[in-house]
Structures are given as C-alpha cells and as structure tokens.
Amino acid sequence: MNIPDNIKKLGMKVAYSYLDKDPGKNVPKLMDWVDRILPPEAFEGQRKVFRTVIEDPDNNWFRLIRSVWTDIDSGVRKAIFQNFFVNANFKWTPKQKEIREKYNLDIPWAILMDPTSACNLKCTGCWAAEYGDKLNMSYETLDSIIEQGKDIGISFFIYSGGESLVRKKDIISLCAKHDDCQFLAFTNGTLIDEEFANEMLRVKNFIPAISVEGFEQETDSRRGQGTFARVEKAMAILKRKKLPFGVSCCYTSKNVDAIGSEEYFDWMIDQGVKFCWFFTYIPVGKAAVPELMVSPEQREFMYRQVRKFRDTKPIFTMDFWNDGEYVEGCIAGGRKYLHINAGGDIEPCAFIHYSDSNIHEKTLLEALQSPLFMAYRKGQPFNSNHLRPCPLLDNPQKLREMVESTGAYSTDLAAPENVRDLTDKCVETSKKWAVKADELWQECGKACAGCAEKNSSVQL
C-alpha cells in the first residue's frame with residue numbers, strides 16, 4: 001500500500017497527540033494500531049524489540065520513554081519530535097537520497113562544527129587547550145554551513161570547540177532562525193546559567209551534552225578544581241527547568257573504572273541525564289598524553305559495562321568505538337558525520353586533524369567529493385571486525401595511506417603533525433586491541449544476530 005507523504009505526516013502528528021495524552025497507557029495501544037496497519041514483515045525486528053519493551057512497565061527502555069513525558073517540557077518535547085521524526089522523514093531524507101544518487105557519494109546525518117577555538121578551561125591532554133582564542137567562524141559562516149547542509153538534506157548540527165558556549169548568543173540565534181533543525185553542543189557545562197536555560201526553553205531545539213570525566217576527583221584532576229561542582233549546578237538548572245541534556249564521557253586509563261561503574265551510571269540518571277556518548281582517549285596534538293590511552297582490558301571493560309547497563313538502566317548510551325558493530329564500522333568521513341574546525345577546515349572526524357578542503361573555499365557538496373572524503377568512502381569499513389572501526393586508533397595504516405595518497409594537510413593550529421608521527425602513537429595499542437577485539441568479535445560480533453537485534457536502539 002503506497003500511502004501519500006502528506007497522509008503519513010498527518011498520521012505521525014495524530015499519533016503523537018494521542019501519545020501525549022497518556023504515554024504509559026497509550027504506547028501499547030498505539031503499537032497495536034501500528035501492527036494492524038503494517039504488513040507483518042515491515043520493520044519486523046524493530047517492532048519485536050519495541051513490543052518486548054512496552055509489555056514490561058519496569059523495563060528500563062519503557063522507563064526512559066515515560067521519563068521523556070514526566071521530565072521534559074512539553075514544548076521542547078514536541079519540537080524534538082517535529083525535527084527528529086516528522087522533518088527528518090518527510091523533509092530531509094528525500095533530499096539526502098536525491099543528492100546521494102545524483103552525485104554517488106555519502107551525505108552525512110550530522111555536521112559537527114566549532115564556532116570557536118577558545119575555551120575557558122585547560123584540560124590535560126586536550127588539543128583545544130593549545131589553541132587559545134585564535135580562531136572563530138563568523139555568524140554568517142555558521143549560518144551558511146547550516147543553509148548548505150539543509151540544501152543537501154542535513155538537519156542535525158552539533159557544536160564543539162574549544163568551548164562552544166563561548167558563542168552561546170550566536171548559537172541561540174541560529175537555533176531560532178533554523179527552527180526546522182535540531183541542534184546539540186558538546187560543552188564543559190560551566191557556562192550554563194539561568195539566563196541561558198531560559199533561552200533554551202525559548203528556542204526549544206537545542207540540547208547540551210556536558211563533558212564529565214567521572215566523579216569529582218576524576219573530573220577536577222583533568223579539568224580543574226571546582227569544575228565538577230559547576231557541572232552539577234548546571235545540571236540542576238536544566239533538570240529544574242525540564243530541559244533535556246546528556247553527558248559526554250572520555251574514558252582514559254585513569255578514569256575508566258569510575259566511568260564504567262554502576263555508581264556512575266546511577267549518578268547520571270539521578271542528575272536527569274537522558275543520554276551518554278562515550279569516547280575513548282585519542283593522542284591528538286602536541287600536548288597529547290599517550291599514557292591516557294586505555295589498555296585492551298580497560299576497553300573490554302567498557303564494552304561489557306555499557307552493554308550490561310544498556311539492559312538495566314533508563315539511559316540511552318552509545319560508545320563511538322565499541323559500538324561499531326551496530327553501525328558497521330566508522331561513521332566519519334561523511335558517512336554519518338563530518339567535522340568543520342574553527343578555521344573552516346573540513347575534516348573527516350573531530351579526531352582526524354587533516355583536510356583537503358576549507359569551507360571558505362569550497363561548498364559542503366564540493367568537500368564531500370574531495371579526494372580525502374572519497375578515500376574515506378572507498379575505504380569503509382576499515383576492518384571486517386567492526387569492533388576495530390577507527391582508521392587511526394584501530395587501523396593506523398589506513399589513515400596514513402588516505403592522508404598521504406590525497407595530499408591532505410595537517411590542520412593542527414599549534415604544531416602541524418605529520419600523519420606518520422600521529423599514527424605511530426597508535427600502532428602498539430592497535431595491535432594489542434586487535435587480539436582482544438577478535439576474541440570479542442568471535443564471541444558476539446556478526447554471528448550474534450540476537451545481540452545486534454537486542455541493541456538495535458543504539459543504531460544511528
């Protein structure tokens with residue numbers, strides 16, 4: 001049955017209104033309605049998983065769904081639904097498909113961009129601490145990136161830095177102008193105050209992901225004394241005003257035990273955190289500290305802990321390295337996202353500081369067709385074992401080959417880094433992880449279809 005898009009869109013809005021009245025009661029009824037109108041084979045795996053979730057009121061995922069109605073402002077919730085579901089499916093996805101087919105290239109799901117290189121903290125091992133306030137993209141440039149993204153079907157824009165909220169007035173202005181898009185920012189959280197929270201309530205389409213290194217000891221030891229207390233204060237403001245927010249965690253050899261603990265997951269949930277994005281430490285930049293890279297045993301610990309708590313805790317989690325099996329490898333290079341630094345350099349990834357394009361000289365569409373991005377497209381997946389997805393951390397020779405074959409330049413502002421020097425820092429770590437990752441892949445990997453289905457909610 002071919003249902004016109006306008007009828008589908010109306011159906012989604014009606015379904016949301018029905019759900020909004022009493023989510024606990026109406027989610028199962030809505031699922032019954034979906035089962036009646038869709039063929040049995042349509043989205044069979046996803047429907048089976050969702051049905052399992054909603055049949056148990058104590059299920060952690062159902063608890064998370066219900067919390068979206070109890071904990072989040074109704075206007076913000078409606079805007080997120082409109083942008084992530086209605087607009088994404090009926091406004092942006094058709095554009096993406098059209099451009100993909102016309103130019104035979106990848107169109108990313110999101111653009112990550114740095115409004116500024118400035119930061120109000122100086123965290124150990126972070127390249128941004130070296131840059132200072134040397135670079136800023138103008139409001140007009142940021143606006144142009146968003147307009148160009150929308151032209152090719154991209155509607156999700158993520159800010160990083162530096163500290164993105166150094167530019168919070170411009171960020172809010174862009175949210176207001178592009179109210180058909182969804183915005184998120186990686187932020188240290190220390191600049192979130194009552195005034196900014198009120199602005200978030202006004203525009204409704206901005207979500208912060210606050211960077212935390214664990215508890216007070218772990219966070220303050222890397223980010224500076226008093227940072228953890230300021231983060232908790234920011235979270236309290238957001239929770240009180242019913243604003244959605246998440247956490248961004250970089251696990252290192254020094255804090256992995258804290259970040260992977262049940263106590264930490266429970267702390268996040270108690271603070272009001274709805275999602276957590278996990279990253280592992282990458283030794284990028286002159287001030288990099290390779291000793292902060294996790295051991296194979298520590299990375300396996302996070303692999304197992306995230307999966308365990310995904311089954312029991314009402315919080316959405318994603319580990320950008322250890323969840324490679326759910327997205328079939330690396331998501332960078334325009335496959336799912338790309339990065340634009342504060343100097344305008346268009347990079348495959350926030351951790352890959354090499355480029356052959358600049359937004360001041362090329363359009364987004366031209367950059368996606370550049371040699372470096374096409375090399376990424378041709379090379380993905382970089383390993384048949386998707387627990388080894390990264391072309392730097394897990395397959396350093398792959399990054400070396402792509403950078404050297406395309407003539408890409410280092411975008412490091414403080415000390416341009418030869419790609420061989422960078423990848424050499426990851427060679428031994430990648431070899432050691434390969435042994436452990438191959439064991440895990442054999443244990444669960446591709447052969448474990450049940451595991452992939454069970455965790456299908458983590459997929460982008």
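Of the possible donor and acceptor atoms, none in the side chain of Glu347 sits under 3.5 Å from a partner among the backbone N and O of His353.
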Q.
Test side chain to side chain contact (heavy atoms under 4.5 Å, CB included) on Lys169 and Glu199; report intermediate values, then the result.
A. CA-CA 9 Å; Lys169 289 185 178 180; Glu199 287 291 88; over 6 Å; no
Q.
Run the side-chain hydrogen bond (donor to acceptor under 3.5 Å, both in side chains) test on Arg223 and Asn188 for me, step by step, so that the C-alpha distance in whole Å, both residues' side-chain angles and the decisive distance to 0.1 Å come before the verdict.
A. CA-CA 9 Å; Arg223 294 180 172 267; Asn188 60 45; over 6 Å; no
Q: Take Ile207 and Ile80, measure what side chain to side chain contact (heavy atoms under 4.5 Å, CB included) needs, and give me the verdict at the end.
A: CA-CA 10 Å; Ile207 302 173; Ile80 292 172; 3.9 Å; yes
Q | salt bridge (charged side-chain N to carboxylate O under 4.0 Å, His left out) between Lys313 and Glu262, worked out | A | CA-CA 9 Å; Lys313 305 293 183 182; Glu262 184 168 14; 2.8 Å; yes
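Between Glu300 and Arg304 there is a salt bridge, since at least one side-chain N of the basic residue sits less than 4.0 Å from a carboxylate O of the acidic one. Here Glu194 pairs with Lys241 in a salt bridge; the nearest charged N to carboxylate O distance falls below 4.0 Å.
Aromatic ring centroids of Phe351 and Phe320 lie 6.0 Å or more apart. When ring centroids are compared, Phe156 and Trp92 stay outside the 6.0 Å threshold.
When only modelled atom types and interatomic distance are considered, Asp438 and Asn385 share a side-chain donor-acceptor pair under 3.5 Å. For the residue pair Gln217/Ser221, the side-chain donor-acceptor check at 3.5 Å is not satisfied. Judged purely by distance below 3.5 Å, without hydrogens or angles, the side chains of Thr317 and Arg310 pair a donor atom with an acceptor atom. For the residue pair Asp319 / Tyr251, a side-chain donor-acceptor distance below 3.5 Å is found, with atom types taken as modelled.
Cation-pi geometry between Arg299 and Trp433 is met: under 6.0 angstrom from the ring centre, within 45 degrees of the axis. Cation-pi check for Arg307 over Tyr303 is met; the charged atom lies under 6.0 angstrom from the ring centroid and within 45 degrees of its normal.
For the pair Arg63 and Pro57, the tightest heavy-atom approach, listed with the atom from each and the gap, is CG-O, 3.9 Å.
Considering Tyr264, Phe265, Phe316, Phe278 as possible partners of Phe309, the one that fulfils the ring pair (Phe, Tyr, Trp, His ring centres under 6.0 Å) test is Phe265.
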